[in-house]
Amino acid sequence: MKKSEFFAQKKQFFVNDVAAVKDYVLTHCAQDQIDKIIARADEACAQSFRFDLRWDMEYTEIPVVFEKEINWLHQPADDPEWIFAFNRHHFWITMGQAYVLTGDEKYAEAFVKQCKSWICQINLRDPDCANACRTLETGIRMNLWIKAFCLFRNSPALTDGFCSLFEESILEQEKFIAEVWNSTKIISNWGVLENHGLFTAALLMPEHPFSEEMRKEALRRLDLQLQRQVYPDGVHWEQSTMYHNEVAQDFLEVKILADRNGIALPSGYNERLAKMIDFCVEHRKPDGNEMAMGDSDDIDVRDIITKAAVSFNNPAWKAAGYPEFDFDCVFDLGAEAAKTYASMPSIPSGKRSVIFPDSGHIFWHSDDSADQTWLHFTNGVHGGGHAHEDKLHVDLFYRGEDIVRDSGRLTYVDKPERYEFKGPKAHNVIELDDQPSIRCKRSWGYHKRSWSLNTQMSEAGSFRLAQGAALGYMDLETGSAVLSRKVVWLREDLILVHDEIYANPKDKHKIVQRWHFSPDAQVTLKGQTAGLTLNNSECEVLTLAEQAEVHLTDTRLSLHYNTTTPSVMLETELNEAGFTSITTIFSLNPKGEKAPCFAVPAPVSLVSRQDRPFAKSVAEGWVIQKGADQFTVMIAHEDYMGPSDAVLVNERQGMGHVIVWVGLDKEQWGTTLAY
């Protein structure tokens, strides 16, 4: 293959207009981002490698330097993820970006030298090279190689001799992926990344006798994977936001290339992909970062949403993405796409409550602003090896800051830290008897999973309810137990979380509830109330649980793979037999504007039996005062209702199993959130 043959094709690549991309970046992108890319490109030219860019999935901060020839099979420590990331060659994209921005031929020359080195050193079929050429890396590599090649289009370093070597290797990698297809690939994210690379190579490389066949086969596989791996609600089955985003991005790139090159996509492809993007929009916290559910890091996902918005011409997605193309977007889609995006309107969806029923996710918003209250509740299917023990977990975000959050993933190596971050202690859930509700089998498998039940959402007036139950503790030696959680949105600055532990009266359990706070929070504890102070907000966390020991514990979060950040968690511990409950109230306030918040229990009875309050195991009520406003809440734990009687709480009547009253009017009939 000659370079001229590649670029003379009547095909639309990811980026055709490198000069326009350079102009856009220099006028629209932050200088510190440009400087970081050039610094990383300089390091790679000097054979110093680390992975700390946005979509480097296995993050590293310490560079590995090769003084002489690069050893593509080198593994610096106990984690093979480094060698996997190394052989994806994302740093060649970085070098290509630096070349576009500077015109310095050292980047193109280093790309050619390193690519030749890899081709000469690595044999896809040699078992000794297995760590460098897993099918996953091969799929990713084909896509990244072609993107990088396009960025060096103006360099004389791309000699015809090198281009022929490049083409020969790409063809070999295409054949390698084409041969790997089985039932596992249909439901594995590996299969998506493999065939995304195959589709890219078969479409964009010069035509060969099998090119059209490979392109059609890759698209057939991808469509099957999209329909099988992604639930009807749009969530990838593995229950990890980062891997959902990675797969969504691959499906989206296929759409973009197909649209640009006049290739029809299978029926239903765009519809299912659009639902995936809807989930990307919802699980994006108001600061633009994904929540760290499952094996995930804190990553700004707005580049995916932005690219999807322009591809689908969706103004609501633009409102959730960037106002204009960022550095990654323009290098992925080009300056012409940036102009198209700039001319699009930005119209927020206005959604306030969203449920993804097949996967078990609920999202609440107070408004569309960056200062909104955002809450996530999850209680769905477990997912794959990337999933964590997070049934009934809650994330809460307010005024641009995490209040309570997931702890992240840290590592994939089969060692104690892997189970620390997968287990209950790393999530905002209940743990019983110091036992996990899910039993891991090494780093990726499970001896036992937890089954989720009754995940649902309801709204009435301005109030909202999310609830669900989990059966992970049905086989404890100390006796079976069922966990249930109800989350009640009273208003945007007042959230009630009620945990129920259903157990036999003869069975006593150690019960620990945990809340992981933002690492930026200054946390104090007075009695059963924790106080949080952050940059923009203050929060009180009120715990209502008789005989409970409440304390703060130092812990750590993993914001990126291989890194930890100190943080604090609130632990509430009880040792009780039979039914037990813990009520938590989050009172949120702007910085310096804290309104006092108090809560006291209120007896619950039938109207006809006011002198005989229910036992706590039947129903509980609370009067919550925040500033000048008062709320009364009742939650029933069993079906108390007779044929013709209402319930009475704080001298107010209502009917149902979750009821809210607001204000002091004793004649008010309660608002029912669950019957």
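Positions are given from 1 along the sequence.
- Contact check on R125 versus E179 returns a salt bridge, with a Lys/Arg side-chain nitrogen under 4.0 Å from an Asp/Glu carboxylate oxygen.
- Ion pairing between a basic and an acidic side chain is recognised when a charged N comes within 4.0 Å of a carboxylate O; K3 and D160 show no such pairing.
- In the model, D295 has no side-chain atom that pairs as donor or acceptor with a side-chain atom of S240 under 3.5 Å.
- Taking the ring centre of F91 as origin, the terminal cationic atom of R40 falls outside the region bounded by 6.0 Å and 45° from the ring axis.
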The test is salt bridge (Lys or Arg N to Asp or Glu O under 4.0 Å); show your working for R50 and E43 and say whether it passes. CA-CA 9 Å; R50 57 174 145 175; E43 290 177 2; 2.6 Å; yes
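- Remark: aromatic rings of H361 and H376 are close, center separation under 6.0 Å.
- Formation of a donor-acceptor pair under 3.5 Å by the R260 side chain with backbone atoms of F14 is found in this model.
- Taking the charged nitrogens against the carboxylate oxygens, K185 and E194 do have a contact shorter than 4.0 Å, which makes a salt bridge.
- Looking only at distances, a side-chain donor or acceptor of D395 sits under 3.5 Å from a matching main-chain atom of D406.
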Quick one: do F149 and F7 satisfy ring pair (Phe, Tyr, Trp, His ring centres under 6.0 Å)? Show the steps, please. CA-CA 10 Å; F149 189 88; F7 291 110; 5.7 Å; yes
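- Cation-pi geometry between K116 and F166 is not satisfied (NZ or CZ under 6.0 Å from the ring centre, within 45° of the ring normal).
- No hydrogens or angles considered: a donor-acceptor pair under 3.5 Å links the side chains of D35 and Q31.
- Salt-bridge annotation for E207 and R215: absent, with no side-chain N of the basic residue lying under 4.0 Å from a carboxylate O of the acidic one.
- At least one donor-acceptor pair under 3.5 Å links the side chain of Q372 to the backbone N or O of S369.
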Could you check F325 against F331 for ring pair (Phe, Tyr, Trp, His ring centres under 6.0 Å), going step by step and ending with a plain yes or no? CA-CA 9 Å; F325 267 26; F331 265 109; over 10 Å; no
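- There is no side-chain donor-acceptor pair under 3.5 Å between E238 and H244.
- Residues F84 and F51 keep their aromatic ring centres 6.0 Å or farther apart.
- More than 12 heavy-atom neighbours from other residues, nucleotides or ligands sit within 6.0 angstrom of CD on Q33.
- Here the side chain of R141 pairs a donor or acceptor atom with the backbone of N87 at under 3.5 angstrom.
- You'll find the ring centres of W72 and H89 inside the 6.0 Å limit.
- The number of heavy-atom neighbours closer than 6.0 Å to NZ of K113, taken from other residues, nucleotides and ligands shown, is 12 or below.
- A donor-acceptor pair shorter than 3.5 Å can be found between the side chains of N16 and Q12.
- No donor-acceptor pair under 3.5 Å is formed between the side chain of T455 and the backbone N or O of G360.
- In this structure a side-chain-to-backbone donor-acceptor pair under 3.5 Å is missing from K36 to L53.
- Formation of a donor-acceptor pair under 3.5 Å by the K422 side chain with backbone atoms of G385 is found in this model.
- Of the N and O atoms on the side chains of S311 and K255, at least one donor lies less than 3.5 Å from an acceptor on the other residue.
- For the pair W364 and I362, the tightest heavy-atom approach, listed with the atom from each and the gap, is NE1-CG2, 3.6 Å.
- Of the N and O atoms on the side chains of Y412 and N562, not one donor lies less than 3.5 Å from an acceptor on the other residue.
- Looking at E58 and R88, a side-chain N of the basic residue comes within less than 4.0 Å of a carboxylate O on the acidic one, giving a salt bridge.
- H365 places none of its side-chain heavy atoms less than 4.5 Å from the side chain of F397.
- Taking CH2 of W55 as the reference point, atom CD1 of I93 lies at 15.5 Å (rounded to 0.5 Å).
- D326 has a carboxylate O that lies under 4.0 Å from a charged side-chain N of R54, or vice versa, which qualifies the two as a salt bridge.
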Stepwise, does the salt bridge (Lys or Arg N to Asp or Glu O under 4.0 Å) test hold for K275 with D233? CA-CA 6 Å; K275 290 184 177 181; D233 64 8; over 6 Å; no
Derivation and outcome, ring pair (Phe, Tyr, Trp, His ring centres under 6.0 Å), residues F251 and F199: CA-CA 11 Å; F251 286 130; F199 178 85; over 10 Å; no
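- Here W118 and W92 keep their ring centres 6.0 angstrom or further from each other.
- D17 has no carboxylate O lying under 4.0 Å from a charged side-chain N of K22, or vice versa, which leaves the two without a salt bridge.
- No side-chain donor from either of E246 and N189 sits under 3.5 Å from a side-chain acceptor of the other.
- Interatomic distance, T241 OG1 to H236 NE2, rounded to the nearest 0.5 Å: 12.5 Å.
- Proximity of a side-chain donor or acceptor of D223 to a complementary backbone N or O of L219 within less than 3.5 Å is not detected.
- Within a 6.0 Å radius of NZ in K106, other residues, nucleotides and ligands contribute more than 12 heavy atoms.
- When atom types are taken as modelled, the side chain of Q229 and the backbone of L226 share no donor-acceptor pair closer than 3.5 angstrom.
- Annotation: the span from C115 atom SG to W145 atom CH2 amounts to 4.0 Å, rounded to 0.5 Å.
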Salt bridge (Lys or Arg N to Asp or Glu O under 4.0 Å) between K147 and E253, worked out: CA-CA 12 Å; K147 285 182 176 179; E253 279 199 352; 2.5 Å; yes
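- To the nearest 0.5 Å, atom OG1 of residue T102 and atom CD1 of residue I34 are 11.5 Å apart.
- Side-chain contact, Q97 with Y107: no donor N or O sits under 3.5 Å from an acceptor N or O.
- In this structure, the separation between OG on S188 and CZ on R228 is 14.5 Å, given to the nearest 0.5 Å.
- Side-chain rings of H382 and Y446 approach one another, their centers coming within less than 6.0 Å.
- A salt bridge is absent between K175 and E172: the closest approach of a Lys/Arg side-chain nitrogen to an acidic carboxylate oxygen does not fall below 4.0 angstrom.
- Between H386 atom NE2 and S443 atom OG the span is 9.0 Å, to the nearest 0.5 Å.
- Heavy atoms of other residues, nucleotides or ligands lying less than 6.0 angstrom from CD of E168 number 12 at most.
- Residues H196 and N143 have side chains that bring a donor and an acceptor to within less than 3.5 angstrom of each other.
- For D300 and Y322, the side-chain atoms include at least one donor-acceptor pair closer than 3.5 Å.
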